[in-house]
Amino acid sequence: MTPHILVRPLRDDVVVAARAHGYTPLQAHLLGGRIHDGNLERLPRRIQPVGTDLSRPDRLPDIDAAVDRIVYAIRHGERCVIASDHDCDGASGHAIAWTALVDLFGMPPERVLRTLSHKGTEGYGLSDAYTERLLALLRDEPSLILTIDQGSTDERNIRRLAQAGHCVICTDHHGVPPEGPPRSALATVNPVRNDSAFGDPTIAGCFVIWLVMARVREVLIEQGHLPSTTPRLGSILDLAAIGVVADCVDLGMTNNRIAVRQGLHLMNANPRPCWRAMRTLLKRSEPWDEQAAGWLLGPRVNSSGRLADALTSVAFLLSRTDDEALARATALNQANEERRAIQQAMLTVAMPMAQAAVDAGRYGLVLWFPEGHAGVHGVVASRITEAFGRPTICLSPFAPNPEVATGSIRTTERVNVLNALRRIAERAPGCLKSHGGHKGAGGLKTAREDIPVLADLWDAAVRECYVDQLPHPAVWTDGAVPGAMGLETLAEIAALSPFGRGFEAPIFSETLRVDRQRAVGDGRHLKLDLRRADGTPVPAIWFGAVPEGDTSPLQPGASYRFAFELDANEFRQQTSLQLRIKTAQAA
Ligand SMILES: [Mn+2]
């Protein structure tokens, strides 16, 4: 399906305010498409916030109880157990907790146990299997268990841990069930709780634990347990930046922008061994930016958790020496290659399945892969969602019990995953064995025999959000580039970074004439000489333009409406601007 090229609505009041604040016409145009409220007096501080703009951590629900208990454990030499999710956000949060407890607060490393749920064999959260592993591991001594990026929906297993004498503190950012946060946890620090006064429900799981540890440091200093010279938590924000970027949280929000900006700054200015090693391995000469963190680091840190035990990811982040870091980076890189191969194989099967479901009139897609790999579900679901513009659930057998299907969910702008799942749970109690997630993504388990029921209910839940419109893939753009295009255009754009979900990287759309085209690489990519309406020539590259076994979709001399990003092209030590084409339509 060729995506529709759409133009973002522009808020004129934002454009005017941005010009008054000294932004260039291009920058004001971009801000006008990205800021949706009238809070404009402190516009520059919204775009480039500083540390003092962070929301106050003491407004997070239960944070005082959590901090007091962690401080008590540190001061009394209790054993602490980190119990984190296995994705990049979980691994980042895990590394933050460990670094804070051991490196900053001086806990003996042997008193901090590192555990992560195993995606393939234990599933998400404090599952039965993961809880049994914890109970066996901790049998010899009651411990303080800190969940990271998980736990809000796991009352049943938290109660088992508490009954065995352990104290559980949940730190999380996932949805809380209607009956409230887990009662058996001593504290549930979660910004999405109904009673949260924090004011920002969009922060990542790694950032929740970062805020908790920032408060723990303050209290330890107040109590005289630590010197006031103890490094601030800001010194380890690099570990949060990667979790924040990889979790695709809203980058229009101040807290997330601070984490990413300051974290990236640390990754470049004072890189720890892991960042240096990955740059060496990937032969990357440019500094880390949010795109590289999202596309290069995120998937690699995620890769070990997708296919095996995510401890390698945490060990990579915590590497003390360059040699250690390089060995772990190499292992992650290899896991990422394997993940890509599995993903490619699954996509080859998934695309025709999705097409068939679309042809059958489905708005919401449920795809079942009897041979599928749960480790790459999420990525496949997001590719399908993007390609067909329809919210998608990818399911495959749950390894410990193949009668159960486990799935990942991705969605479009219109459909809130958590709301849709709640509606399904209401209409067919028992259809969902477990479910969780947030607005933009989620996961579930269902009995294999219930998949057809789930498929109908998911389609119905999606359809309710599309009563006035047929779902279709779309590329949202900023319209035509205002004024000339040059290398300085790139600098103007970069000054507004970080970009990501909620504050999208600019994509423009213009009608351009094709002067010349030539296939490059394996013949699927096109190098183009295009011409703007005012006659200016612009070079362009279009990766994957030519479908396999087909010819170019473009005719020389004809004009098309292109959607494109602006990119710097380095050739023979000369840098020039080129367009990176995303899609084209007849003009
Ligand atoms: Mn998360």
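Counting convention: from 1, in listed order, for ligands and their atoms alike. Quick note: residue numbers are just sequence positions, from 1. Here the structure is a predicted model, which means the values were calculated and not measured. These values consider heavy atoms only, across backbone and side chains, with no hydrogens, waters or symmetry-generated copies.
By the 30° and 60° cut-offs, the orientation of the rings of Tyr363 relative to Tyr466 is perpendicular. Relative ring orientation between His86 and Tyr124 is described as tilted, the plane-to-plane angle lying within the 30° to 60° band.
In summary, Asp85 places no N/O/S atom under 2.8 Å from the Mn ion (ligand 1), failing the contact criterion. Taking backbone and side-chain atoms together, Cys206 has no N/O/S atom less than 2.8 Å away from the Mn ion (ligand 1).
When only modelled atom types and interatomic distance are considered, Asp247 and His173 share a side-chain donor-acceptor pair under 3.5 Å.
Vertex the Mn ion (ligand 1); arms to Asp149 atom OD1 and Asp89 atom OD2; angle 90° (nearest 10°). Expressed to the nearest 10°, the angle at the Mn ion (ligand 1) joining OD2 in Asp247 with NE2 in His173 is 90°.
Taking all atoms of both residues into account, the shortest heavy-atom contact from Ala187 to Ala65 is CB-CB, 4.3 Å.
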